[in-house]
Amino acid sequence: MVALDTLVVAAALTTIRSDLGASAEQLEWTVNAYGLSFAMLLMTAAAIGDRLGRRRTYAAGLALFTAASVACALATSLPFLIAARAVQGVGAAIVMPLAMGLLGAAFPPERRGQAIGVFSGVTGIAVLGGPLIGGAVTEGLSWQWIFWINVPIGVVAIGVVLAKIPESTGPARRLDLIGAVLISLAVLGLVWGTVRGESAGWTSAEVLTAFAIGVVMLVAFGLWERRTDHAMIPLAFFRNRTFTAANSAGFFLTAALISAVFFLSQYMQAELGSAPLKAGLQLLPWTATLFIVGPIAGRLVDRVGERPLVVIGMALQTIGMLWLSRGADQYYELVAPLVICGCGISLAMPAAQSAAMSALPRDAVGIASGIYSMNRQLGGAAGVAVLGSVFTAAGGYTGDGFARALAGGGVLSLLGALSGFAIAARRRRTDDRTGELVVEGV
């Protein structure tokens with residue numbers, strides 16, 4: 001639900017505009033309000049979950065997300081819908097890092113890669129399936145139903161979580177309230193500047209002020225974390241080469257993925273004349289690979305380590321995106337590069353997540369998942385904003401906008417591959433005493 005709602009609204013924007021009388025800028029905020037609150041509160045939510053219990057906090061996040069979905073479906077004006085989307089983002093910020101935190105606590109390191117592979121496959125399918133599901137629901141029912149469908153899923157999920165998932169907590173430490181405020185303001189400034197850069201102008205007072213606030217708050221957060229005894233993010237984590245490299249790879253991976261979905265969905269409609277539902281169906285060669293390659297990649301992580309999968313996966317996505325940037329006269333010409341992109345993301349996504357989660361001690365898995373999730377959100381916002389500017393500068397819909405934007409996605413993927421080289425190699429061995437597979441860093 002959380003990953004799907006990142007882009008599910010995109011296919012319904014035209015209908016929402018006519019029903020609620022929205023301007024183009026207001027429509028942008030139906031997407032941005034969700035991403036902004038999502039990114040802002042990821043770290044705080046992960047820290048609260050570590051302290052109060054991940055299962056309990058996760059269930060509360062699901063409840064908030066479900067209630068906000070009801071509010072979105074009942075919205076009769078754009079301001080109300082935007083506010084409800086912001087609350088939805090708060091629920092999403094609680095759910096996403098704690099989902100990975102619960103997985104990390106439930107599986108030992110030698111099996112964690114496979115579990116995260118399944119998780120990544122489902123998440124990737126949801127992101128890529130957003131335009132398809134949004135288009136199908138909007139055309140078949142109404143735009144309100146893209147939110148109503150969350151309600152029964154959320155209610156059932158809450159019950160299953162409370163009944164079946166064991167509780168887990170992180171290290172017993174006092175909640176770092178000052179750190180939570182500083183990192184939230186830092187992310188707010190950086191994401192606000194990024195999402196407003198294209199429409200307001202990258203050199204406008206609004207955007208430059210937002211970036212300045214973000215940077216100042218980020219520096220203040222770092223200084224505070226160095227001196228407090230109850231740090232939300234121990235800065236020593238980033239001295240771990242694998243943890244830092246995995247987060248960098250995750251940032252570029254998500255920047256390329258989200259921006260590619262954003263532009264390809266529009267390309268299918270603007271250049272190939274496809275309706276929203278058909279445009280979503282045309283992305284299936286990309287989506288379908290996640291069903292096949294994602295679980296396999298999860299098992300491979302536990303056998304060969306994360307570095308080769310991140311590097312190879314991001315290299316494949318680079319090739320696929322550059323191929324897509326050449327354009328096509330007929331849809332069938334796009335099938336091969338879509339499959340290559342899908343195979344690449346399916347290999348790299350679980351490997352990067354596994355590297356970030358496995359690089360730190362098991363009791364730090366909650367905060368590790370929060371950091372990684374925050375990086376992914378920042379990457380998605382940055383990718384769409386930066387490549388949106390590239391798209392506009394290259395002539396937009398009537399020029400070479402799509403080609404330049406997709407080529408930019410290839411560059412982002414290449415940066416992700418280069419980040420992957422810094423992930424430490426791993427080897428596996430069989431424990432002589434237990435006979436179990438043990439994965440070690442080299």
Side-chain angles (χ1 to χ4, degrees), residues 42-44 46-47 49-50 54 96-98 100-105 107-113 115-117 119-120 168-171 173 176 179 183 186-187 218-219 221-254 298 301-302 304-311 313-314 348-379 415-429 438-442:
L42 278 163
M43 288 307 311
T44 303
D50 277 354
R54 295 176 184 133
M96 185 60 79
L98 292 177
M100 284 202 291
L102 288 166
L103 273 180
F107 290 88
E110 63 271 14
R111 295 183 57 208
R112 196 175 293 156
I116 292 176
F119 178 84
S120 299
S168 64
T169 57
R173 60 173 183 259
D176 180 12
I183 191 63
V187 173
L218 190 61
V219 172
F221 174 76
L223 294 173
W224 171 256
E225 295 296 280
R226 290 183 64 181
R227 65 184 294 267
T228 183
D229 295 328
H230 308 281
M232 173 182 285
I233 303 177
L235 299 183
F237 284 3
F238 293 98
R239 290 201 291 268
N240 184 309
R241 188 185 76 185
T242 293
F243 181 73
T244 301
N247 275 279
S248 176
F251 177 91
F252 290 117
L253 180 155
T254 310
V301 165
D302 294 331
V304 304
E306 296 93 354
R307 182 168 66 185
L309 296 184
V310 172
V311 173
M314 296 305 293
M349 186 182 290
Q353 285 184 332
S354 178
M357 302 278 283
S358 301
L360 300 178
R362 191 167 183 172
D363 63 0
V365 71
I367 202 68
S369 67
I371 295 170
Y372 186 82
S373 297
M374 183 179 70
N375 268 299
R376 292 201 318 175
Q377 282 301 117
L378 291 174
L415 292 172
L418 295 175
S419 298
F421 278 109
I423 294 173
R426 297 203 301 163
R427 67 185 178 200
R428 67 185 183 119
R429 66 175 177 85
V438 178
V439 183
E440 299 177 330
V442 177

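Everything quoted here is computed from the prediction, not taken from an experiment. Computed from heavy atoms alone, side chains included, the values below leave out hydrogens, waters and symmetry copies.
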Legend entry - Side-chain heavy atoms of Leu418 within contact of Phe252, under 4.5 Å: no
Inset, instruction - Mind listing the closest non-hydrogen atom pair of Glu306 and Ile423 along with its distance? - result: CB-CG2, 4.4 Å
Legend entry - Pairing residues for Thr244 by the side-chain contact (heavy atoms from CB on, under 4.5 Å) criterion, not counting sequence neighbours: Phe238
Inset, instruction - Quick one: list whatever passes side-chain contact (heavy atoms from CB on, under 4.5 Å) with Tyr372, sequence neighbours left out. - result: Met100, Asn247, Ala352, Gln353, Ala356, Arg376
Inset, instruction - Check Leu98 against Gly49 and note the closest heavy-atom contact, atom names and distance. - result: CD2-CA, 3.9 Å
Inset, instruction - Specify the closest pair of heavy atoms between Ser419 and Ala249, including all atoms of both residues, with the distance to one decimal. - result: CB-N, 3.8 Å
Inset, instruction - Measure across Thr242 and Ala355 and return the closest heavy-atom pair with its distance rounded to 0.1 Å. - result: CG2-O, 3.8 Å
Inset, instruction - Look only at the side chain of Arg307 and the backbone of Gly420, and say whether a donor-acceptor pair between them is shorter than 3.5 Å. - result: no
Legend entry - Minimum heavy-atom distance Ala348-Met314, with the two atoms named: CB-SD, 3.7 Å
